[in-house]
Amino acid sequence: SLIIYFFIGLGLLFMLTPVIWLLSTSLKSRSEMFTFPLHLIPKEFVWENYVKIWNVIPFGAYIKNSVVIAFYTTLGRFSLQTAFGSPAAL
């Protein structure tokens, strides 16, 4: 049981490392992103990067488009599955 938990924890660490690195890099300044040696924790947290993404890139429009596409895709699939699935149940 302990060995199973060890491998689960190892897999979790393996899968979360890119996400942690992504969040860490998003809080660094541009010059700090390319310094060597690499470090996980930024020297200075740059929260303005998150403000820039909303002002420079139409990120809100991208999210709205994704929600609209997901809604209509789900509605269409549900309608088709209901229409074609009902006679099969008889």
Side-chain angles (χ1 to χ4, degrees):
S1 178
L2 187 60
I3 295 172
I4 293 172
Y5 285 123
F6 172 75
F7 284 113
I8 289 173
L10 192 63
L12 183 66
L13 181 67
F14 182 74
M15 286 185 264
L16 286 180
T17 299
V19 176
I20 293 168
W21 191 262
L22 174 83
L23 291 174
S24 169
T25 304
S26 72
L27 292 171
K28 294 178 182 177
S29 65
R30 185 175 295 266
S31 62
E32 193 177 0
M33 287 182 202
F34 300 107
T35 58
F36 188 81
L38 300 173
H39 53 280
L40 183 63
I41 300 172
K43 293 177 185 172
E44 177 182 329
F45 291 95
V46 182
W47 295 101
E48 290 84 28
N49 292 339
Y50 288 102
V51 175
K52 284 180 190 176
I53 195 166
W54 287 99
N55 294 332
V56 175
I57 299 171
F59 198 64
Y62 295 160
I63 290 177
K64 184 188 85 156
N65 290 343
S66 296
V67 168
V68 168
I69 295 293
F71 174 77
Y72 284 114
T73 301
T74 304
L75 184 67
R77 288 195 58 142
F78 179 74
S79 300
L80 289 174
Q81 288 175 349
T82 302
F84 293 118
S86 298
L90 297 175

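In this chain, numbering begins with 1 at the start of the sequence shown.
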Side-chain donor-acceptor pairs of residues 33-46 under 3.5 Å, sequence neighbours excluded:
from : atom 1 : to  : atom 2 : distance (Å)
T35  : OG1    : E32 : O      : 3.0
H39  : NE2    : E32 : OE2    : 2.9

With a 3.5 Å cut-off and sequence neighbours excluded, list the donor-acceptor pairs that the side chains of residues 54-62 form with protein atoms.
from : atom 1 : to  : atom 2 : distance (Å)
N55  : ND2    : V51 : O      : 3.3

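The line from CD1 of I8 to CG of L13 is 14.0 Å long, rounded to the nearest 0.5 Å. Rounded to the nearest 0.5 angstrom, I69 CD1 and T74 OG1 are separated by 11.0 Å. To the nearest 0.5 Å, the span separating CG on L80 from CG on L75 amounts to 9.5 Å.
In this structure, S26 contributes its side chain and L23 its backbone to a donor-acceptor pair below 3.5 Å.
No continuous path of ILVMFWY side-chain contacts below 4.5 Å connects I63 to F71, so the two sit in separate hydrophobic clusters. Under a hydrophobic clustering in which Ile, Leu, Val, Met, Phe, Trp and Tyr are joined whenever their side-chain heavy atoms come within less than 4.5 Å, directly or via other members, W21 and L16 fall into the same cluster.
Judged as a side chain to side chain contact (heavy atoms under 4.5 Å, CB included), and not counting sequence neighbours, the contacts of F7 are I3, L10.
For CD1 of I4, the number of neighbouring non-hydrogen atoms (other residues, nucleotides, ligands) closer than 6.0 Å is 12 at most.
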